[in-house]
Amino acid sequence: YAPLAVEPPLLSPLIWTSVATGKRATEHGIGHFTATDAAGRPVPITSTLRRVKALWGMVSDAGKSVAVVGWWATWPAESVRGVVVSDRTCYHFLQDSPEQDDLATRGLVSPPEEAAKVASRVRRPESVTVQEASRFVSVSPAELARPFAFADELSHFKWALASALS
């Protein structure tokens, strides 16, 4: 092992991709939370932007089974010997709204045959109860029932708690 050498900026996707690849951002290609799409809009980073294999790909190539759940920049989920449940399956703070359609067809889970099993375990923010939330925040049933709004901190809390309970 060796000390983790990460150069600024100290951003989660960059750091976690360095951990997963053993490479610096200049080598692995993930340097921020977002990239720019063909239309010039910022979009969340993806696994396809990573220029080198992650640990789970190396282990899979060596014939071993892997299970990866919620790691930064794992969407679309890569094909491995085992299962990848991408970081966008439950909650992603750069998404404007909840994604609830078919997990397999959008690359959230690989292999696609595991998508139904994963979907049955995913909690959504609207399922968070006052009792569950009250362990962390003081919130009324009416406040907790507010619909998702990107600018609302309680909305993000509900998504994060639902993800943690998934």
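For the single chain, residues carry numbers from 1 onward in sequence order.
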Exercise. Between the side chain of S155 and the main-chain N/O of A149, is any donor-acceptor distance below 3.5 Å?
Worked result: yes

Exercise. Do W16 and W56 belong together in a cluster built from hydrophobic side chains that touch within less than 4.5 Å?
Worked result: yes

Exercise. Do L154 and V139 have side-chain heavy atoms sitting under 4.5 Å apart?
Worked result: yes

For this session: Calculate, to the nearest 0.5 Å, the distance between atoms CG and CH2 belonging to D87 and W75 respectively.
Result: 9.5 Å

Problem set entry | Same apolar cluster: W71 and M58, side chain cutoff 4.5 Å | no

Problem set entry | Member of T74, T89, L108 meeting the side chain to side chain contact (heavy atoms under 4.5 Å, CB included) criterion with V84 | T74

Seminar exercise, completed: Taken to the nearest 0.5 Å, the spacing of H32 NE2 from L49 CG works out to 13.5 Å

For this session: Answer yes or no: are there more than 12 heavy-atom neighbours, outside R146 itself, under 6.0 Å from its atom CZ?
Result: yes

Problem set entry | Shortest non-hydrogen contact between A25 and I30, atoms and distance | CB-O, 3.5 Å

Exercise. Distance from T17 atom OG1 to R51 atom CZ, nearest 0.5 Å?
Worked result: 11.5 Å

Seminar exercise, completed: Nearest heavy-atom approach of D37 to A39 is OD1-N, 2.9 Å

Exercise. Once you round to the nearest 0.5 Å, how far does CD of E143 lie from OG of S138?
Worked result: 7.5 Å

Problem set entry | Between CZ on residue R50 and NZ on residue K23, distance to nearest 0.5 Å | 13.0 Å

Exercise. Below 4.5 Å, heavy atoms only, C-beta onward: do S86 and V109 meet side chain to side chain?
Worked result: no

Problem set entry | Side-chain heavy atoms of P76 within contact of S47, under 4.5 Å | yes

Problem set entry | Which atom of P125 lies closest to which atom of A162, heavy atoms considered | N-CB, 3.7 Å

Exercise. Going by heavy atoms in the side chains, are S166 and R123 under 4.5 Å from each other?
Worked result: yes

Exercise. Does a side-chain heavy-atom distance below 4.5 Å link S18 with H28?
Worked result: yes

Exercise. In Å, rounded to the nearest 0.5 Å, how long is the span from CD1 of I45 to CH2 of W72?
Worked result: 6.5 Å

For this session: Write down the atom of G31, the atom of L11, and the distance for their closest heavy-atom approach.
Result: O-CD1, 3.9 Å

Exercise. Hey, are the side chains of K158 and L144 touching, using non-hydrogen atoms and a 4.5 Å cut-off?
Worked result: yes

Exercise. V19, V52: one ILVMFWY side-chain cluster at the under-4.5 Å cut-off?
Worked result: no

For this session: Considering non-hydrogen atoms only, spot the tightest contact between S60 and R81 and give its length.
Result: OG-N, 2.6 Å

